[in-house]
Amino acid sequence: MLENEVLILKQLQQRIIEFRDERNWKQFHNPKDLAISLSIEAGELLENFQWKSSEEAIESRMENIKDELADVVIYAFLLSDALGVDLEQIVSNKIKKNMEKYPIEKSFGSKKKYNELEK
């Protein structure tokens, strides 16, 4: 990641933490409850797509989709803070792992899982 992008991520996380702290909510934000909340918000995001095509959902529910996606991201930032992990670092590490699992020459244009790709 570029240095400027990392700075933007850290500033965003700081804004989220300030919002939480101004309301004295950290006391409720243990890793278990944050993980549960993240999952609930992801479920709420999915509800926007239930019984609709992607196109229908985007056309009719875009504002709610954006709100729920934001909630998922906010809880991911709060969970990383509660766990004391650097979100930029763990995402970068995961991208590196995925690059090894999904080399371009084997995965380009394929929807197969890494263990289904030709050796």
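Just so it is clear, the values below take in all heavy atoms, side chains as well, and ignore hydrogens, waters and symmetry mates.
Under the salt bridge (charged side-chain N to carboxylate O under 4.0 Å, His left out) criterion, Lys101 pairs with no residue at all, not counting sequence neighbours. Listed by chain and number, the residues in a side-chain hydrogen bond (donor to acceptor under 3.5 Å, both in side chains) with Glu47 amount to none (sequence neighbours excluded). Remark: Asn24 engages Gln27 in a side chain to side chain contact (heavy atoms under 4.5 Å, CB included) (not counting sequence neighbours). Lys66 is linked by a salt bridge (charged side-chain N to carboxylate O under 4.0 Å, His left out) to Glu63, counting only residues two or more places apart in sequence or in another chain. Looking at residues two or more places apart in sequence or on another chain, you find no salt bridge (charged side-chain N to carboxylate O under 4.0 Å, His left out) involving Asp71. Partners of Lys52 by side-chain hydrogen bond (donor to acceptor under 3.5 Å, both in side chains), not counting sequence neighbours: none found. Looking at residues two or more places apart in sequence or on another chain, you find no side-chain hydrogen bond (donor to acceptor under 3.5 Å, both in side chains) involving Asp67. For Glu105, the side-chain hydrogen bond (donor to acceptor under 3.5 Å, both in side chains) test picks out no residue, with sequence neighbours left out. Take Glu18 and apply the salt bridge (charged side-chain N to carboxylate O under 4.0 Å, His left out) test, not counting sequence neighbours, and it matches no residue.
Between the side chains of Ser92 and Glu88, at least one donor N or O lies within less than 3.5 Å of an accepting N or O.
To the nearest 0.5 angstrom, Asn64 atom CG is 11.0 Å from Leu69 atom CG. Here the NZ atom belonging to Lys26 is positioned 8.0 Å from the CD1 atom belonging to Ile17, to the nearest 0.5 angstrom. Taken to the nearest 0.5 Å, the CG atom of Asp21 stands 8.0 Å off from the CD atom of Gln14. We find the CE-NZ distance between Met99 and Lys96 to be 9.0 Å, quoted to the nearest 0.5 Å. Atom CZ of Arg61 is separated from atom CD of Gln50 by 11.0 Å, given to the nearest 0.5 angstrom. Atom CG of Asn48 and atom CD of Glu56 lie 13.0 Å apart (nearest 0.5 Å).
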Quiz item: Does the pair Gln11 and Ile16 meet the rule for a side chain to side chain contact (heavy atoms under 4.5 Å, CB included), with working shown?
Solution: CA-CA 9 Å; Gln11 289 172 340; Ile16 293 165; over 6 Å; no
Exercise. Evaluate the criterion side chain to side chain contact (heavy atoms under 4.5 Å, CB included) for residue pair Tyr102 and Lys113; output intermediate values, then yes/no.
Key: CA-CA 8 Å; Tyr102 295 96; Lys113 192 171 177 178; 3.9 Å; yes
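In plain terms, the two heavy atoms of Leu117 and Ser110 that are nearest each other are CD2-OG, 4.0 Å.
The stretch residues 17-67 participates, sequence neighbours left out, in these ring-ring contact (aromatic ring centres under 6.0 Å, His included) pairs: Phe19-Trp25.
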List, one per line, each side-chain donor-acceptor pair under 3.5 Å for residues 30-39, sequence neighbours excluded.
{"residue": "Asn30", "atom": "OD1", "partner": "Lys32", "partner atom": "N", "Å": "3.1"}
{"residue": "Asn30", "atom": "OD1", "partner": "Asp33", "partner atom": "N", "Å": "2.9"}
{"residue": "Asn30", "atom": "ND2", "partner": "Asp33", "partner atom": "OD2", "Å": "2.7"}
{"residue": "Ser37", "atom": "OG", "partner": "Asp33", "partner atom": "O", "Å": "2.9"}

Contacts table for residues 72-85: side-chain donor-acceptor under 3.5 angstrom, sequence neighbours left out:
{"residue": "Ser80", "atom": "OG", "partner": "Gln13", "partner atom": "NE2", "Å": "3.1"}
{"residue": "Ser80", "atom": "OG", "partner": "Phe77", "partner atom": "O", "Å": "2.8"}
{"residue": "Asp81", "atom": "OD2", "partner": "Arg20", "partner atom": "NH1", "Å": "3.2"}

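Using a 4.5 Å heavy-atom cutoff, the side chains of Leu87 and Leu9 are not in contact.
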